[in-house]
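Notes to accompany the following structure.
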Amino acid sequence: MFLYGVAVPLEYVDDLTPAKWIAERLHPFAQDAGAIIPPGFDAYARVFHPAMRRVGQTEVPVTWREIADSNLRVHHAEMQFGSLVALVGTPTRYFDRQPQPGLFDGWPRTGTLPLDIARLLVDILRGQTQTPERCWFAAWEGWGDPVFATFHGSTDSPAPPLPSAIPRPKTPTFKVPGRGYYIAQGPLSAALETVYGATSHYLSASIWWPDDRTWCVATEVDFDWTYVGGSNECIAAVLADPNLEVLPARLSDGVTYDSDRLNPTPRLS
């Protein structure tokens with residue numbers, strides 16, 4: 001299949017067997033990190049999606065470390081972005097998704113890896129599997145019509161309009177606690193394809209893994225970070241990349257807005 005002259009190397013499948021192991025392993029919905037990334041790997045890492053600051057006509061990434069240091073917060077493995085920016089006792093409606101002038105203008109993107117980070121992970125993970133040409137990609141059914149197509153180039157560049165509506169796949173979805181996903185297969189490079197044909201921005205697959213299951217990447221649709229599970233060697237390589245903001249993770253790590261026990265938690269209002 002080709003779209004605007006670009007090969008689409010992913011194929012939806014009816015057989016959900018390749019994803020069965022994930023559904024069998026995940027913890028109950030929102031319980032902890034083990035509800036997002038499947039248990040069974042030697043080690044885990046948490047990759048933080050950057051906030052953004054406008055500099056002229058461009059956007060530059062701002063790390064959680066920069067924000068934590070500026071706001072006198074603790075940078076640690078279970079930190080929550082809201083706790084890094086909230087005033088003590090401030091109800092969430094007073095800071096929710098608001099910028100902090102001079103520090104950042106946009107909150108981290110939720111539900112998707114930034115494209116630059118996806119590229120880094122693909123480069124690292126390619127050497128950690130024997131099956132880079134056969135991988136699996138799960139797209140959350142709630143995105144709409146999850147067409148695996150790419151327009152390449154900068155995520156700031158608008159994609160050309162679709163010439164016609166692309167229907168939702170008629171393939172079945174596999175279910176995990178609280179979520180359902182369409183499944184497609186393709187090479188590892190397909191992790192750089194957007195899963196939503198009508199969007200002008202890159203939208204990553206929610207879960208992706210190689211056929212030999214040597215690692216797994218998971219981005220929960222409501223979270224502004226991504227988990228990677230793999231061998232000790234694999235996670236050491238992820239942690240060693242100087243271009244990633246990443247910390248070791250545990251399956252028992254909290255994932256809710258109030259799971260940051262070292263920084264002030266905003267009050268729900």
Side-chain angles (χ1 to χ4, degrees), residues 3 6-13 18-19 22 36-38 41-50 61 63 108-140 143 146-157 159 181-197 199 201-221 223-249:
L3 186 64
V6 176
V8 180
L10 276 165
E11 177 186 358
Y12 288 107
V13 298
I22 294 178
I36 312 303
I37 188 80
F41 293 104
D42 293 334
Y44 296 86
R46 184 184 179 198
V47 181
F48 300 90
H49 304 175
T63 66
R109 287 191 68 187
T110 59
T112 179
L113 276 164
L115 182 56
D116 288 345
I117 294 179
R119 288 181 176 132
L120 292 170
L121 289 177
V122 166
D123 287 345
I124 295 168
L125 297 174
R126 185 179 301 279
Q128 301 293 331
T129 175
Q130 297 298 312
T131 60
E133 297 307 312
R134 183 174 175 80
C135 295
W136 300 95
F137 302 85
W140 180 49
W143 290 134
V147 176
F148 290 88
T150 184
F151 305 108
H152 297 295
S154 169
T155 55
D156 294 328
S157 300
Y181 300 94
Y182 296 100
I183 298 298
Q185 62 182 4
L188 177 56
S189 59
L192 306 182
E193 312 292 335
T194 186
V195 299
Y196 191 58
T199 185
H201 296 280
Y202 171 69
L203 187 64
S204 68
S206 300
I207 312 172
W208 39 290
W209 66 97
D211 197 54
D212 60 8
R213 303 183 194 173
T214 50
W215 47 259
C216 183
V217 179
T219 308
E220 159 57 26
V221 297
F223 295 164
D224 45 18
W225 68 87
T226 292
Y227 289 115
V228 183
S231 67
N232 289 320
E233 176 186 358
C234 175
I235 299 307
V238 173
L239 293 170
D241 193 302
N243 296 307
L244 291 173
E245 183 176 21
V246 56
L247 290 172

Which residues satisfy the side chain to side chain contact (heavy atoms under 4.5 Å, CB included) test with [X], sequence neighbours excluded?
{"X": "Leu120", "answer": "Asp241, Asn243, Leu244"}
{"X": "Ala191", "answer": "Val122, Phe137, Trp208"}
{"X": "Ser231", "answer": "Asp42, Gln128, Glu233, Cys234"}
{"X": "Asp211", "answer": "Thr131, Arg134, Trp136"}

Can you tell me how far the [atom1] atom of [X] sits from the [atom2] atom of [Y], to the nearest 0.5 Å?
{"X": "Glu220", "Y": "Ser206", "atom1": "CD", "atom2": "OG", "value": "7.5 Å"}
{"X": "Leu247", "Y": "Trp225", "atom1": "CG", "atom2": "CH2", "value": "13.0 Å"}
{"X": "Leu121", "Y": "Asp116", "atom1": "CG", "atom2": "CG", "value": "11.0 Å"}
{"X": "Ile36", "Y": "Tyr227", "atom1": "CD1", "atom2": "OH", "value": "7.0 Å"}
{"X": "Glu133", "Y": "Gln185", "atom1": "CD", "atom2": "CD", "value": "12.5 Å"}

Could I get the full list of side chain to side chain donor-acceptor pair (under 3.5 Å) partners for [X], not counting sequence neighbours?
{"X": "Tyr44", "result": "none"}
{"X": "Thr226", "result": "His49, Thr219"}
{"X": "Asp123", "result": "none"}
{"X": "Trp209", "result": "none"}

Nearest non-hydrogen partners of [X] and [Y], listed with the distance:
{"X": "Ile117", "Y": "Phe48", "value": "CD1-O, 3.9 Å"}
{"X": "Ile183", "Y": "Ala138", "value": "CD1-CB, 3.7 Å"}
{"X": "Val217", "Y": "Leu113", "value": "CG1-CD1, 4.3 Å"}
{"X": "Cys216", "Y": "Ile37", "value": "O-CD1, 3.4 Å"}
{"X": "Ile235", "Y": "Gly230", "value": "CD1-N, 3.7 Å"}

Within the structure provided, determine whether [X] and [Y] are in side-chain contact (heavy-atom separation under 4.5 Å).
{"X": "Pro210", "Y": "Leu188", "value": "no"}
{"X": "Ser204", "Y": "Thr112", "value": "yes"}
{"X": "Leu239", "Y": "Pro248", "value": "yes"}

